[in-house]
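If you read the sequence from its start, that first residue is 1, and numbering goes on from there.
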Amino acid sequence: MTTTTTTAATAPVLAPAAAPAARRRRRSLAPGRRLPASRLVGPALLLVLWATASAAGRLDPAAVPAPWTVLRTGVHLWTDGTLTTDILTSLQRAGAGFAIGLTAGVVLALISGLSRVGEALIDGSVQLNRAIPTLGLIPLFILWLGIGETFKIAVIAIVVYIPIYLNTHAALSGIDHRFVELAEVQGLSRLGFIRQIVIPGALPGFFVGLRLGVTGSWLGLVVLEQINATSGLGYLMFQAQNYGQSDVILVGLLVYGVFGLVSDSAVRIVERRVLSWRRTLSN
């Protein structure tokens with residue numbers, strides 16, 4: 001009796017002291033609060049290292065010009081209108097190809113993910129297309145579509161639609177079947193099932209594919225604009241290569257990098273707002 005009474009009396013004293021320690025241990029496993037402008041820390045560090053190495057004479061100015069040289073060249077290209085025209089042309093090409101690829105990827109993923117017949121008709125062909133290097137299709141597309149703008153947009157569309165399709169289809173296939181059974185029990189219509197179950201379940205995978213597609217559009221563009229083009233950032237870099245202008249090449253690469261970072265950040269912002277109902281490590 002004495003032992004039992006002592007244990008019962010001390011238990012309430014020990015429990016509150018142990019609970020905060022357990023909570024602290026649980027909190028320490030999380031990555032912590034998001035730092036403001038954290039994605040700019042890495043690029044800023046690279047810029048500082050680049051400037052330091054250039055100022056110390058560790059880099060050959062002919063091969064890797066100093067940041068201030070590249071900045072001066074970029075300002076010159078912008079003021080004379082060359083860079084402005086090339087940027088607008090590249091944005092038009094990337095935008096047209098991205099829009100087509102986005103539409104194709106989402107539509108094909110929905111058809112394949114929601115129908116066994118659609119999966120049999122579509123998924124194998126897309127997997128085959130994924131296994132073929134997209135840039136290796138350029139000679140064939142030139143024969144089919146000519147060497148103008150059409151083939152460039154078509155190749156960008158292929159580069160974009162594949163990751164969007166793969167990630168959206170994987171998210172659709174990963175929806176728990178218990179949600180399907182719940183929708184059937186609740187008597188949801190096909191449209192209601194898609195709106196309340198399919199779309200929320202597929203959105204996380206869709207946004208992953210969207211980020212890859214946005215990046216892929218810029219990666220494909222830099223190659224395509226060096227093939228029979230008369231304007232665009234890739235054309236500007238190709239011409240600079242012929243004249244040994246490494247500063248102009250770096251200007252083009254930095255513009256591509258800024259576009260890629262800004263577009264990826266925009267997709268991340270939209271993703272966090274749309275998927276604000278999820279509690280994940282990122283939010």
Take atom CZ in F179; do more than 12 heavy atoms of anything else shown fall under 6.0 Å from it?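 Open: at most 12 neighbouring heavy atoms sit under 6.0 Å from CZ of F179.
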Among pairs that include at least one residue of [range], which meet salt bridge (charged side-chain N to carboxylate O under 4.0 Å, His left out), considering only residues two or more places apart or in two chains?
range            : value
residues 154-165 : none
residues 230-257 : none
residues 115-131 : R116-E119
residues 86-108  : R93-E149, R93-E225

Inter- and intrachain pairs under ring-ring contact (aromatic ring centres under 6.0 Å, His included), touching residues 184-239, at least two apart: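 Pairs touching residues 184-239 that pass the test: W218-F259.
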Which ring-ring contact (aromatic ring centres under 6.0 Å, His included) pairs, counting each pair once, include a residue from residues 93-122, with sequence neighbours left out? none
Using side chain to side chain contact (heavy atoms under 4.5 Å, CB included) as the criterion, list what pairs up with W68, not counting sequence neighbours. A51, S54, A55, A66
Please name all residues satisfying side chain to side chain contact (heavy atoms under 4.5 Å, CB included) with I269, sequence neighbours left out, ordered by chain then number. R272, R273
Considering the options N129, I100, I153, L135, which one meets the side chain to side chain contact (heavy atoms under 4.5 Å, CB included) requirement together with I158? N129
Taking ring pair (Phe, Tyr, Trp, His ring centres under 6.0 Å) as the test, write out the residues that go with W144, two or more places apart. F141
Would you please name every residue forming a salt bridge (Lys or Arg N to Asp or Glu O under 4.0 Å) with R268, sequence neighbours left out?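 By the salt bridge (Lys or Arg N to Asp or Glu O under 4.0 Å) rule, R268 matches D264.
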Output all residues satisfying salt bridge (Lys or Arg N to Asp or Glu O under 4.0 Å) with D176, sequence neighbours left out; order by chain, then residue number.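 By the salt bridge (Lys or Arg N to Asp or Glu O under 4.0 Å) rule, D176 matches R178.
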Considering only residues two or more places apart or on different chains, which pairs with a residue in residues 94-109 satisfy side-chain hydrogen bond (donor to acceptor under 3.5 Å, both in side chains)?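 Found none.
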Please round to the nearest 0.5 Å and tell me the distance separating atom OG1 of T150 and atom CD1 of I142.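 Here the interatomic distance stands at 12.0 Å.
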Do [X] and [Y] sit in the same hydrophobic cluster, where Ile, Leu, Val, Met, Phe, Trp and Tyr count as joined when their side-chain heavy atoms come under 4.5 Å apart?
X    : Y    : result
I249 : L219 : no
V106 : V274 : yes
L253 : L236 : yes

